[in-house]
Number of protein chains: 2
Amino acid sequence: MDVTQSAMLDHEPTHQGCRVVAPVLARIGDKWSVLVVMLLSRQSCRFNELKRRIDGISQRMLTLTLRGLERDGLVLRTVTPSVPPRVDYALTELGRSLCGPVIALGQWASAHVDEIEAAQAAFDARAEG
Amino acid sequence: MDVTQSAMLDHEPTHQGCRVVAPVLARIGDKWSVLVVMLLSRQSCRFNELKRRIDGISQRMLTLTLRGLERDGLVLRTVTPSVPPRVDYALTELGRSLCGPVIALGQWASAHVDEIEAAQAAFDARAEG
DNA sequence: CTGGATCCTAGTAGATACTG
DNA sequence: CAGTATCTACTAGGATCCAG
């Protein structure tokens, strides 16, 4: 464990290092942001292209998600004033740098999804009885 | 990039690898779960001990957060039937394994919080004009 | 001490319809 | 095509009271 990591652990959770995680998780932890980021990590995309690829997202939520990511500097929005209008979304450098940690979390999720579902089933079974 | 990582990227986001991330992020991405997990990563804790340490959490939300984590097999709840009753919460092995990825994300957040805030300020400034 | 039960509020998601 | 506007329904979260 390097010094940065130990710095993350050596504190009360009310301290800065931990507090700063919450807003980040609030951003990428919502229902759609990760999907958008992972999609854009492969290639930039137009609005409706994203909408088609993200199954079940509403137009409104895609707009809000993209605005949030754009505001945080993770996504770049490029408008081409043509007819019909064309808007491309791409990850910024900052957005790409987020992919690493997110992928790590994805790997963890993939690796343990069975354990988690088993634990849920066991918990629910206990709750029944 | 190793093969596992490329496996995470080489798919449409509607596919399994990406879909499985969402529920995990929904769990740890809520307002309190990460704080609880990070706290318990250092030492097991009693209910009110957690409540005191996590500034601003309500009794209700701590209960719900712990139940959720317990259901997912991340936290172990141990009841000591004494008077007064004593309940200890500790991370399971699964819970501890989650700390690594979460810490990685925390490091990313710490490293880029300034960039993010600058991007937000810039975005909000543009929105004004 | 450890919560369960209840009530209340504000925010947020989703569907739908409309616009440049 | 790429959104905005609006309306409704749901849920998260806090406050409070109660119980083992």
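Every chain is numbered from 1, with letters handed out A, B, ... down the list of sequences. Remember, it's a predicted structure, so these values are computed and weren't measured experimentally.
Atom CG in B:L62 sits about 11 Å away from atom P in C:dG4, given to the nearest Å. Atom P of nucleotide D:dT4 and atom CG of A:L64 are separated by 8 Å, given to the nearest angstrom. With rounding to whole Å, B:R67 atom CZ is found 12 Å from C:dT2 atom P. Look at CD on A:Q59: it is 10 Å from P on D:dC1, rounded to the nearest Å. Following rounding to the nearest Å, A:L66 (CG) and D:dA2 (P) show an atom-to-atom distance of 11 Å. Rounded to an integer number of Å, the gap from B:M61 CE to D:dT16 P is 17 Å. Distance, B:R77 CZ to C:dG4 C1': 11 Å, rounded to whole Å.
Applying the 4.0 Å criterion to OP1 and OP2 of C:dT2, one finds that B:R46 has a side-chain N or O inside that range. Contact annotation: A:W32 side-chain N/O to C:dT12 OP1/OP2 distance is not under 4.0 Å. Proximity of A:K31 to the phosphate of D:dT11: no side-chain N or O atom is located under 4.0 Å from OP1 or OP2. Of the side-chain N and O atoms in A:Y89, one or more sit less than 4.0 angstrom from OP1 or OP2 of D:dG3. Here B:K51 does not reach the OP1 or OP2 of C:dT2: none of its side-chain N or O atoms lies under 4.0 Å away.
Set against D:dG20, D:dC1, C:dG3, the side chain of A:P85 has D:dC1 as its closest nucleotide. Side-chain atoms of A:F47 lie closest to D:dG3 of the nucleotides C:dT2, D:dG3, C:dG3. Looking at the side chain of B:R60, the nearest of the listed nucleotides D:dC1, D:dC17, D:dA15 is D:dA15.
With DNA chain C read from its 5' end, the first of the two nearest nucleotides for B:R86 and A:S58 is the one closest to B:R86.
B:W32 and B:L76 are members of different hydrophobic clusters when ILVMFWY side chains are connected at heavy-atom separations under 4.5 Å. Both A:L50 and A:M61 belong to a single network of hydrophobic side chains, linked directly or stepwise wherever heavy atoms of I, L, V, M, F, W or Y lie under 4.5 Å apart. Transitive grouping of hydrophobic side chains (ILVMFWY, heavy atoms separated by less than 4.5 Å) keeps A:I28 and B:F123 in distinct clusters.
Residues B:R67 and B:R71 are not in side-chain contact: their nearest non-hydrogen atoms beyond the backbone lie 4.5 Å or more apart.
The residues B:E93 and B:R96 are annotated as salt-bridged, a charged nitrogen and a carboxylate oxygen being separated by less than 4.0 angstrom.
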